[in-house]
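Remarks on the structure that follows.
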Amino acid sequence: MPELPEVENVARTLRPRLVGTRVLGVEASGLPLRRPVDLARLRAACKNARVTSVRRVGKYLLLELSSEKVVLAHLGMSGRLVFAASSEPRRPHTHALFALEGGLDLRYVDPRRFGVLRVYDLAQLEASPELSVLGVDPLEDGFSADYLHEALAGTRRELKGFLLDQGCIAGLGNIYACEAMFLAGVAPRRRTNRLSRNRAVDLHRAIRSVLETGIANRGTSFSDYVDADGEAGSNQDALWVYGREGEPCRTCKSLIKRVVQGARSTFYCPRCQR
DNA sequence: GCATTACCCTGAAAGC
DNA sequence: TGCTTTCAGGGTAATG
């Protein structure tokens with residue numbers, strides 16, 4: 001389940017082999033992802049264009065091209081963007097394939113098809129329906145303790161729902177939201193407007209910390225996630241609460257609890273988080 | 001404005 | 001063993 005750290009690692013592993021490389025052609029399975037894939041538009045944007053940069057915004061990957069177009073990709077729940085030799089057989093659920101010069105492919109594989117693959121004009125990217133609604137990226141300078149405190153104070157939602165809202169903070173998903181709440185010592189059902197400035201400072205620090213740790217550990221690989229080189233991450237071994245229902249808290253030994261909020265599981269320590 | 005629910009989808013795990 | 005059911009969840013839309 002790719003969240004910000006996993007997408008960041010995909011971007012980092014794509015860059016060395018992708019930037020400066022020419023795309024020779026594009027193929028697609030014809031099956032829709034979360035939205036249909038417009039193969040004609042992809043081909044027109046990519047054919048004989050060079051990749052000029054690979055960026056990440058929230059959970060979105062952006063491949064900028066010399067054609068002044070941008071390929072926007074979201075990996076959904078089970079999506080992978082991986083390199084493969086063009087001679088290598090295609091794995092099942094390969095929904096897009098970018099043939100690169102040098103005999104290499106970049107392949108988009110997504111069994112559950114919750115992902116997104118679209119093309120935008122570079123000049124219109126920021127106004128796209130995907131990016132225009134995003135809040136601040138938590139690794140960017142704009143994500144300060146002040147920003148977070150103000151955003152928390154401006155609503156009275158439950159904290160967990162706030163953290164998952166990409167319009168507030170772009171890039172947190174279920175795993176890192178749970179981990180950040182644990183590190184900050186805040187209960188998932190706490191109303192955001194009831195959090196003091198000190199608690200906001202703690203939460204800000206915790207969000208940065210769990211994301212940076214996730215990146216350093218090359219992502220959390222529970223089932224599907226691998227980077228562009230096909231390598232799994234190790235952050236699943238460093239989690240405090242996520243997926244640990246009924247197991248002892250690593251800090252106080254209380255049993256980790258699970259509740260459902262907005263149809264998503266939330267894991268927390270009832271003693272450490274208040 | 002916000003919470004809840006359904007939906008999209010497939011593979012893994014659980015249940016029988 | 002083998003079949004069926006349940007569950008997982010990111011984002012969106014509909015509903016209350």
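Note on naming: letters A, B, ... go to the chains in the order of the sequence lines (proteins, then strands), and numbering restarts at 1 for each one.
- Residue contacts for A:R34: at a heavy-atom cut-off of 4.0 Å it reaches a base atom on one of the strands shown.
- With rounding to whole Å, A:E158 atom CD is found 18 Å from B:dG1 atom P.
- Taking 3.5 Å as the limit, the base of C:dA8 and the side chain of A:R264 contain no donor-acceptor pair of atoms between them.
- With DNA chain B read from its 5' end, the first of the two nearest nucleotides for A:R156 and A:D110 is the one closest to A:R156.
- Atom CG in A:N174 sits roughly 5 Å away from atom P in C:dG10 (whole-Å rounding).
- In this structure, A:R90 does not pair ionically with A:D105, as no charged nitrogen and carboxylate oxygen lie closer than 4.0 Å.
- Look at A:E64 and A:R55 and you find a salt bridge, because one of the NZ, NE, NH1 or NH2 atoms lies within 4.0 Å of a carboxylate O, short of that distance.
- Of the possible polar contacts, none joining the A:D202 side chain to the A:G185 backbone as a donor-acceptor pair under 3.5 Å is found.
- Rounding to whole angstrom units, CG of residue A:L117 and P of B:dC9 are separated by 17 Å.
- Under the stacking definition used here (centres under 5.5 Å, planes under 30°), the residue A:F114 fails to qualify as stacked on the base of C:dG11.
- Residue A:H93 places at least one side-chain N or O closer than 4.0 Å to OP1 or OP2 of B:dG11.
- A:S78 comes within 4.0 angstrom of nothing in the nucleic acid, heavy atoms only.
- Across all strands shown, A:Y176 has no heavy atoms under 4.0 Å from either base or sugar-phosphate atoms.
- Residue contacts for A:R258: at a heavy-atom cut-off of 4.0 Å it reaches the sugar-phosphate backbone alone, with no base atom in range.
- Between A:Q261 atom CD and C:dA8 atom P there is a gap of 14 Å when expressed in whole angstrom units.
- One can place CE of A:M77 at 15 Å from P of C:dC7, the figure rounded to the nearest angstrom.
- Contact between the side-chain N/O atoms of A:R113 and the OP1/OP2 oxygens of B:dT10 is found at a separation under 4.0 Å.
- What separates NE2 of A:H74 from C1' of C:dG9 is a distance of 11 Å, to the nearest Å.
- In summary, of the residues considered (A:R41, A:K69, A:E130), a side chain to side chain donor-acceptor pair (under 3.5 Å) with A:Y120 occurs for A:E130 alone.
- Among the protein residues, A:Q166 comes within range of the sugar-phosphate backbone only, with heavy atoms under 4.0 Å from sugar or phosphate atoms but none that close to a base.
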*I would like to know whether A:R218 and A:D227 meet salt bridge (Lys or Arg N to Asp or Glu O under 4.0 Å); could you show each step before the answer?*
CA-CA 8 Å; A:R218 302 180 65 91; A:D227 66 23; 2.9 Å; yes
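- Between A:Y225 atom OH and C:dA8 atom P there is a gap of 23 Å when expressed in whole angstrom units.
- Following rounding to the nearest Å, A:L164 (CG) and C:dG10 (P) show an atom-to-atom distance of 7 Å.
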